[in-house]
Amino acid sequence: MNDEEYNIEYFKEKELIRKKCENCGTYYWTRDNDRKTCGDAPCDIYSFIGEPIFKERSVEQIRESFLSFFESHGHKRLKRYPVVARWRDDIYLNIASISNFQPFVTAGKVPPPANPLVISQPCIRLEDLESIGKTGRHLTAFEMMGHHAFNKRGEEREETGERSGETGEIYWKNDTVRYCDEYLRQLGVDMDGVTYKEAPWVGGGNAGPCLEVITSGLELATLVFMDLKLSPQGQIHIKGERYDKMDTYIVDTGYGLERFVWASKGSPTVYDAIFPDMIKELLNAAGIVHPLETHHELIMQNARLSGAMSRREIAKRVCISPEALKNILGPIESVYAVSDHTKCLAFMLADGIVPSNAKEGYLARLVLRRAFRMLKSLDIAIPLEELVLKQIKTLKNSFPELEESVDRIVEIIALEKSRYDETLLKGGRIVKQLAKQSKLKAQKIHLDKLIDLYDTHGLPPEFVSEVVSTQGVAVDIPENFYSLVASMHGEEQKRVLEPLLDGLNEKTESIPATLKLYYDEPSAFEFDAVVLDSFDDFVILDKTLFFPEGGGQPADTGFLTLEGENRTLKVQDVQEVEGVILHKIENGGGISKGSVVSGHVDAERRIAHTRHHSATHIVVCAARKVLGSHVWQAGAQKGEKRARIDVTHFKRISDAERREIELLANRMVMEDNEIRARFEDRKEAEQKYTFGIYQGGVPPGKAIRIVRIGEDEDVQACAGTHCAKTGEVGPIKILRTERIQDGIVRIEYSAGEAAVLAVQAQEELIKVAAATLKVPPEKLPHTVERFFEEWKQLKKENERLRDDMAMLQIGLLKDHAKDVSGVRVIAEVLPDADTKDMMKIASQLTEDGFLTLLISERGKRASVVSSVPRHLKAEISASELVKRVCEVLGGSGGGKAEIAQGGGEKVEMVEEAMVAGIKLIQDLQK
RNA sequence: GGGCUCGUAGCUCAGUGGAAGAGUGCCUCCUUCGCGAGGAGGAAGCCACGGGUUCAAAUCCCGUCGAGUCCA
C-alpha cells in the first residue's frame, strides 16, 4: 500500500512526525521526537498497569462521553443492533459496528440510517475463546464504539440534494484523525504518549489504509479508511489478494470501550476493570483470594508484561517457575473467563439465540459449556443462570431490553446444564470402558481415540484424562489438540455453489426492470405485454403477472400466446435477476423483440401458493405467541399441497403446543383481518418494526415490501403474494412437527382446500384401520393396544408349543437312528419344520450323543441343520457336512463345528442331498 | 451448511453373518424377630421402522424416524 495514503494534513498541522519502529519495522506517527518504538505490544509493555493514563471512569461514563462528543460534532447517535447478525448471511454474530451496515450500505446500495453516525455496538467474537481470561485483554463480548461516515465518489446527486449528506464526501482521513486526537485530549490522555501506527486493514472482502491508536502499550482504537474491495482484476495487491477502488469510501472506526475503562483504572486486567463485582462474588463462592492481594508485585509485573511476552518468558523474568506462575494465575483466570462468558451469554440469549448443534446456536452452546466446565473446576455451586441474571442486572441500565426475556434465559440455561450433565455421564461410562480395555493391554489411550471421543461424543481430552487417571491409565494430550481437530475438519469444506442464473446479469443489465403486475393485481391471471428481449430459453416482457421464485414461494407456471401467430409457449419457470423477470419457456427461441403476447397464469397453483404464503406468516406469528419471542424463522418452503417452516426453538414442540398453535392460527383466520402489503423505506421500516421483519431473509434495496397482518399483529419484509384478508387463507391444518436438528423445529401444514383434503386423508386412514378391526374409530387406540398385547402373548405361546413339539419329535426320531460307520446318526426329512425348530431338535439329540442331519422342505426352499456330538467334531465338522449337503441343493451354508445350518432352492434334490451327506460321514470316519 | 457416532430386557450396555446375551432393577421362594445382605428360581425383547443383499441379517447396503456430537 502506498505510503502517500498516510500523508495526512492534520499530522503536519500538529507537527507529528513519521518514524519507523526499531523493533518491528512498522511506520508510526508521534509527537515525541525521542520515541524509538511504535508503542504497541510486543514492542512496548503495558505501562498503564498501576499508573492509569487518565481519570478513572466507568463503562457508562466512557460510553456516554464518546457518544456525546461525536453528537456535538454533527453525528447522529444510533441505538445498538442485535448481537446476532440477522441481516447478514455470511456471519452469525455481530463482530464490529461496521457489520451493521454491511453489505448494502457499505456497497452504496442502501443509504445509511444517518450520515455521519455514532454508535456503541455490543459485539461478540469467539475466535480467541481459549485465551479468554488468560491474556488479560481478550473479551468475547465487548462494545465497539464507532463513528462512521459514508462517502461517495463522483458528482452524482441523484436525489437533487434532498438529503445533502447522502452523496459526496462527509469527511475523510483528516477529520477522523482530528476527532480522535481531540477526544483523547478531552479524556485527559497525555498526547505525547500517543502513537498512530500504520497498519493496512483487510477484512470481509474490503480493505484500506488504517491507523492504530496506541498509548502505553495498549491499542485503544482503530481508524479504518475503507476504500477498496476484493476484485479479481484489481490493480492493488494486498496480502496476496487483488483489490480495486470502491465507488464508496467509508470511515470505519472502532474504539474499544472496555479498553478505555481499563486504561482509566490501570487494573491488572481488563476483567478487573469491568467486572469487579462479579469477580468478587465468584472468588467468594470459590473460597479463594484474588492473587492481587497475596502476590501483589508478581501480578502487577505479570500484567505489564503480558502483552509483550509469553507466559514462559514472564516466569523467567520474574524469577519463578512457569508451573508456580500457572498455579497462582490458574484459578483467577477461570474466574475472569466466567465473568466474561456470563455477559456474552446475557447478550446472546436475550437477543434470541437458541443453543443448538449448528450455526449460531452452536456458538452459544460452546460458551455455555465452557462456563459450566469452569464453574465446576472452581467448585462453585451457584447455577450459571443466576450469574447471567446478575450480569443482566448490572447491564440493564444501559440495555433495558435484556430484562425482557429472563424467564426464557433461565429455562434455556437450566436445560443446557442438564443436557451437558447427561453428555458427561454418558461420556464417563464410555471412557471407563475404554480405560478398562487399555489397562488390559497395558497401553496408553491412543490419540485417534482421543480425537474420536471429542468429535463424536463431545468429550474434551481434559475430561478423558481425568476419568482415565482414576483407572490408572495414562493419556498424552498434544499441545495442539484442538487445532488438530480443526484442521481435520478444514479439509472437508469443498462446496461449489452453481448459481442457476450465473452470467445472466450482463444480459439483463441494459434491460429496464419488469413491471410487477402481480403486486398491483393480485387476483388477475391474464395480461398482455410486449417482448423486450429473448435469448436462450428465456423471454423478458415489459410487464408480467408471473411471480418469480423467491422467499420460499415457487415460481408461477402457465403459458404465453404470441399474438397473430397462434403459438403458445409453456412457461416452466420464472426467475428475477436485479429487477428483470425472466420467463423460462419450454422449447423457447425464435421470439422476436417487440412481439405482443398475452399471458395466462395457472390460477389454481398460484392461489394455493398465495394461501400457503399468508398461512406461513400466520403460523409463525402463532408459534411466536405460543413458544416465545426467540422463535425465528430458519427456512421455509411453500407448495400447492402443503408448506413448511423451520423455526428456532430449544425443545420439541409438544402435542399440546402444536394444537395451541393450530388453534391460534385458525383464530387469526376467522378474525378475517386485512393483510396489507406495500413498499416502505428500508430504514424507516427497520426502526418502526424492528429487525423482526427479516424472519424470511434480508431483501436488497432501498425500499422493501412490508406485509402486515391486522393491526401489525405480524409484520414481515416479504416479496411473496398474499391474500387480501386472513379469511381467504381458509382452514390451516398442522400436519406434523419434527425436530430437524437441535434447536430447530419444523412445522408442516396445509391451508385452504389443501387443508380440507389433508384432514380427509387422515380421516380416511383411521376409517380404513378401524374398519379392518371392525371397531368404531374412537375405539382404535384401545383395540390396537389389545391386539398388540394379544399378538405378543400368542407369539410366546407359539414358541412354547413349538418347544413341546420338538421334544415330542425327539422321542420319535431316536427310534429312527441308524449306525453309520459306528456313529449313531439321525438323518431325517422333516417336511414342515423351520430352521429354528430343527436347531432345537438337533441340539437336544446331540446332547444325547447323536449326530443329526435334518432337512426340511417348505415351499420353494429346503433348509438343512446338522449337529455333531462334541467328541466327534474333530473328525466331522457340522459346518462341512451342511456345506456338502447344501451344494446338492444348489445353495450354501455354514456355522460352527458342533452345529450348523444352511439351505438351497432345489427342493426336488432332497433325497440325493441326504445320500451325499451320509456318504460324507462314512468317508470322514474311515 | 458439512462430517462423525448411536437406537438391543424397565435402566446401563455386550454382541462384525450362523439358536437373543450380561449387569442391575422387578416377581416368587429359601435364610432372618425385622432391616440390610446372601442363596434358588422366574417373568420381561416387533434387536427403532421400511426396503435390499444372502441358504441365513440385531450384525452388511439403501432409505425413514429418533438421539448425541464436532467443525465452518
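Within every chain, numbering begins at 1; the chains are lettered A, B, ... in the order of the sequence lines, protein sequences first and strands thereafter.
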What integer number of Å spans the [atom1] atoms of [N] and [M]?
{"N": "B/rA22", "M": "B/rG45", "atom1": "P", "value": "15 Å"}
{"N": "B/rC70", "M": "B/rA57", "atom1": "P", "value": "38 Å"}
{"N": "B/rC61", "M": "B/rC6", "atom1": "P", "value": "11 Å"}
{"N": "B/rC27", "M": "B/rG10", "atom1": "P", "value": "15 Å"}
{"N": "B/rC26", "M": "B/rG36", "atom1": "P", "value": "10 Å"}
{"N": "B/rA56", "M": "B/rG3", "atom1": "P", "value": "34 Å"}
{"N": "B/rA44", "M": "B/rC60", "atom1": "C1'", "value": "30 Å"}
{"N": "B/rG7", "M": "B/rC13", "atom1": "P", "value": "10 Å"}

Suppose we call a contact any N or O donor and acceptor under 3.5 Å apart; does that hold for the side chain of A/Asp455 and the base of B/rU69?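 Answer is no: no donor-acceptor pair is held.
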Going by purine N1 to pyrimidine N3 plus the second Watson-Crick contact, or the G-U wobble pair, all under 3.5 Å, which nucleotide sits opposite [N]?
{"N": "B/rU53", "value": "none"}
{"N": "B/rA20", "value": "none"}
{"N": "B/rC46", "value": "none"}
{"N": "B/rG66", "value": "B/rC6"}
{"N": "B/rC35", "value": "none"}
{"N": "B/rG1", "value": "B/rC71"}
{"N": "B/rA40", "value": "B/rU28"}
{"N": "B/rU59", "value": "none"}

Mind checking if [X] touches a base, just sugar-phosphate, or nothing, with heavy atoms under 4.0 Å?
{"X": "A/Ala862", "answer": "nothing"}
{"X": "A/Glu738", "answer": "sugar-phosphate"}
{"X": "A/Ser879", "answer": "nothing"}
{"X": "A/Leu366", "answer": "sugar-phosphate"}
{"X": "A/Tyr420", "answer": "nothing"}

Give the rounded distance in Å between these two atoms: [atom1] of [X] and [atom2] of [N].
{"X": "A/Glu790", "N": "B/rC46", "atom1": "CD", "atom2": "P", "result": "16 Å"}
{"X": "A/Lys432", "N": "B/rA14", "atom1": "NZ", "atom2": "P", "result": "15 Å"}
{"X": "A/Gln793", "N": "B/rC46", "atom1": "CD", "atom2": "C1'", "result": "14 Å"}
{"X": "A/Phe650", "N": "B/rG68", "atom1": "CZ", "atom2": "C1'", "result": "19 Å"}
{"X": "A/Asn357", "N": "B/rG1", "atom1": "CG", "atom2": "P", "result": "12 Å"}
{"X": "A/Phe788", "N": "B/rA48", "atom1": "CZ", "atom2": "P", "result": "13 Å"}
{"X": "A/Arg736", "N": "B/rG66", "atom1": "CZ", "atom2": "P", "result": "7 Å"}
{"X": "A/Ile740", "N": "B/rG1", "atom1": "CD1", "atom2": "P", "result": "7 Å"}

I want to confirm an ordering. Mapping A/Ala900 and A/Arg365 to their closest nucleotides on RNA chain B, which one lands closer to the 5' end?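 Looking at RNA chain B, the more 5' nearest nucleotide goes with A/Ala900.
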Specify the residue among A/Ser892 and A/Gly895 whose closest nucleotide of RNA chain B lies further upstream toward the 5′ end.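 Going by which nucleotide is closer to the 5' end, it is A/Gly895.
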Nearest-nucleotide pick for [X], side chain only, options being [options]:
{"X": "A/Arg739", "options": "B/rC55, B/rG68, B/rC13", "result": "B/rG68"}
{"X": "A/Lys836", "options": "B/rA44, B/rA20, B/rC13", "result": "B/rA20"}
{"X": "A/Lys896", "options": "B/rC46, B/rG66, B/rA19", "result": "B/rA19"}
{"X": "A/Arg369", "options": "B/rU69, B/rA44, B/rA19", "result": "B/rU69"}
{"X": "A/Thr423", "options": "B/rA56, B/rU69, B/rA72", "result": "B/rU69"}
{"X": "A/Lys796", "options": "B/rA44, B/rA19, B/rC4", "result": "B/rA44"}
{"X": "A/Lys359", "options": "B/rA72, B/rC13, B/rC46", "result": "B/rA72"}
{"X": "A/Thr456", "options": "B/rG68, B/rC46, B/rA19", "result": "B/rG68"}

Below 30° counts as parallel, above 60° as perpendicular, anything between as tilted: where do the rings of A/Trp791 and A/Phe788 land?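 Rings of A/Trp791 and A/Phe788: parallel, under 30°.
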Give me the ring orientation class for A/Tyr454 and A/Phe481: parallel if the planes are under 30° apart, tilted from 30 to 60°, perpendicular past 60°.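 Ring orientation, 0 to 90° scale: perpendicular.
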Quick one: is B/rU69 close enough that its OP1 or OP2 comes under 4.0 Å of any side-chain N or O from A/Arg419?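 Looking at the OP1 and OP2 atoms of B/rU69, neither is under 4.0 Å from any side-chain N or O of A/Arg419.
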Please identify each residue that fulfils ring-ring contact (aromatic ring centres under 6.0 Å, His included) with A/Phe372, with sequence neighbours left out.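 Residues passing ring-ring contact (aromatic ring centres under 6.0 Å, His included) with A/Phe372: A/Tyr420.
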Would you mind telling me which of A/Asp834, A/Asp803, A/Asp804 makes a salt bridge (charged side-chain N to carboxylate O under 4.0 Å, His left out) with A/Lys840?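 Between A/Lys840 and the candidates, salt bridge (charged side-chain N to carboxylate O under 4.0 Å, His left out) is satisfied uniquely by A/Asp803.
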Measure from the side-chain N and O atoms of A/Thr456 to the backbone N and O of A/Leu453, and report whether any donor-acceptor pair falls under 3.5 Å.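 Not at all, since once roles are kept as given, no pair shorter than 3.5 Å links the two residues.
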Does any N or O in the side chain of A/Arg800 come within less than 3.5 Å of the main-chain N or O of A/Lys795, such that one atom is a donor and the other an acceptor?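 No; judged by distance alone, with no hydrogens or angles, the pair does not exist.
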Between A/Arg370 and A/Glu130, is there a salt bridge with N-O shorter than 4.0 Å?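 A/Arg370 and A/Glu130: salt-bridged.
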Could you check if a side-chain atom of A/Val868 sits within less than 4.5 angstrom of a side-chain atom of A/Leu851, using non-hydrogen atoms only?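 With C-beta onward as the side chain, the pair touches.
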How close do A/Pro355 and A/Leu368 get, counting heavy atoms only, and between which atoms?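 Closest approach of A/Pro355 to A/Leu368: CG-CD1, 3.7 Å.
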